[in-house]
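Worksheet for the structure shown next.
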Protein chains: 2
Amino acid sequence: MTDRKKRRKPGETREKLMESALTLVGKGRHYASLGIREVTRQAGVVPTSFYRNFRNMDDLGLELVDQLGLVLRRMMREARINVVQADERLIEESVDIFIRHVEANRDFFFFMAQGLAGESRAVQDGIRSEMRYFATELANDLRRMGVMSHLGDADLELTCDLVVRTVAFSFTDLLGVSPDDDAQIQQIRDRTTRFLQLIFIGAEHWESGRKAKEGV
Amino acid sequence: MTDRKKRRKPGETREKLMESALTLVGKGRHYASLGIREVTRQAGVVPTSFYRNFRNMDDLGLELVDQLGLVLRRMMREARINVVQADERLIEESVDIFIRHVEANRDFFFFMAQGLAGESRAVQDGIRSEMRYFATELANDLRRMGVMSHLGDADLELTCDLVVRTVAFSFTDLLGVSPDDDAQIQQIRDRTTRFLQLIFIGAEHWESGRKAKEGV
DNA sequence: TCTCTGTGTGTACATTCGTTCACAGAATGT
DNA sequence: ACATTCTGTGAACGAATGTACACACAGAGA
């Protein structure tokens, strides 16, 4: 009651609203079922304030997709720094970084998993676009590291796409378990690692295998 | 206004309600955002009727999961009939059947894709359980056909799990395109086929590859 | 210093929601 | 034939929702 009604910083309420939406999603609510009043309530702000910052919930969702893009880029950067040499630990280290980021940005990845089959087409496309970008960057990195050099560009891109999808699907596993159920998280980590190993082994033998299938 | 208020058949309204929920989902709405009144309105029934048949929307969702199970089993049966010999067309034929069923039961698969990251934990687990069952059956079939006979049970199950996940992720691709955009559907079909080929090639070389990774 | 613009507040209203209740007509078992 | 049970109806409620409007106050530019 002392400092209410003050304007702290430009964009402060805006961030608070986005954060509140994410928090609700993190608590198990689905983004599509969130209402304007609900979000403003969680943010400790009057409903009208919402319209000062967003036109509707879809608008807010698109902003969240942008921020999600930043999170993904941070994750990619860390992976690039820590995983430089292409040895047999490449996959495991990358999965570790992935799991760590999911735990640190739990709500964002909740939102991402929901958005893939969400209500707003725009959000859906946005997330899909982020995944494409991620796959492309992954392909570039692998090229740079000299991994899978026998694959053509299209085939490498195909492989990376499958990798990203597989990892993305692991969200839905990860999100189902409590954040401190280490045993179960370890199990998901192992399983994801094996999935990726399976894919990479397939990619290693891809050309020949593909020719064999197509030749007949 | 002639025959209103008649009770047609037991469970008729019940089916109409489930069908209406699916229809709304098929129109792009997210299941989590559907309300009781909305569903009953779509079904051409008074809101109160809902409670005669379901306790709440989660309850209806669980029934839908059960029906989804039937759809999946039908799909599996057709695949078993039409894909008997394990030749190089196995994957393509299976993907064909899969695509055909998704198109024929569009709304169900919408619901499934949404439910994986949905609001109701019970529905989430139900869908997850259906996927596990599907993967197990797939593993049995492959065993019976003598495919991947060099893999241990655990590794075969791992492979099938990845296959099911990959196919499930293709839903979200398929659902984004118009049902009669044949060119795009064909593209998704091809891409999915290649994903599976990649996985199976990986599985073929799995033991050796795994040992090589683990041995060092 | 003064004005203007941006941002948050409070009030308000029509609409929609979930849920309850008493009632009516068809089906079912005896 | 009759009582019971099952299923759908209509009206009604209190609560929550989206959105509009007028107002208040802080900071930026003159």
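Proteins get letters first, then strands, A, B, ... in listed order; numbering begins at 1 in each.
- In the set C:dG10, D:dT9, D:dT19, D:dT9 carries the atom at the smallest distance from any side-chain atom of B:T48.
- Contact annotation: A:S49 reaches the phosphate of C:dT9 (side-chain N/O to OP1 or OP2, under 4.0 Å).
- Residue B:R37 has its side chain nearest to C:dC17 when only D:dT19, C:dT9, C:dC17 are considered.
- Residue A:I36 contributes atom CD1, which lies 18 Å from atom P of C:dT15 at whole-angstrom precision.
- Across the protein-nucleic acid pair, B:N53 atom CG and D:dC6 atom C1' stand 11 Å apart, rounded to whole Å.
- Distance A:D58 CG to D:dG18 P: 13 Å, rounded to the nearest Å.
- Atom pair A:E12:CD and C:dG6:P shows a separation of 19 Å (rounding to whole Å applied).
- Note on B:R41: a side-chain N or O is less than 4.0 Å away from OP1 or OP2 of C:dC17.
- Nucleic acid contact class of B:N56 (heavy atoms, under 4.0 Å, all strands): none.
- In this structure, A:F50 atom CZ and C:dT9 atom P are separated by 15 Å, rounded to whole Å.
- The neighbour count for A:Q187 CD, taken as heavy atoms of other residues, nucleotides or ligands under 6.0 Å away, does not exceed 12.
- Shown here is B:E103, whose CD atom has more than 12 heavy atoms of other residues, nucleotides or ligands within 6.0 Å.
- Other residues, nucleotides and ligands contribute at most 12 non-hydrogen atoms within 6.0 Å of the CZ atom of A:R55.
- A:D153 is linked by a salt bridge (Lys or Arg N to Asp or Glu O under 4.0 Å) to A:R143, counting only residues two or more places apart in sequence or in another chain.
- A search for salt bridge (Lys or Arg N to Asp or Glu O under 4.0 Å) contacts involving B:R29 returns A:E119, B:E38, not counting sequence neighbours.
- Atom pair A:F54:CZ and D:dT19:C1' shows a separation of 17 Å (rounding to whole Å applied).
- A:L17 places its CG atom 13 Å from the P atom of C:dT7, with the value rounded to the nearest Å.
- The nearest whole Å value for the distance from the CD atom in B:E38 to the P atom in D:dG18 is 14 Å.
- Taking 4.0 angstrom as the limit, B:Y51 places none of its side-chain polar atoms (N or O) nearer than this to OP1 or OP2 of C:dT20.
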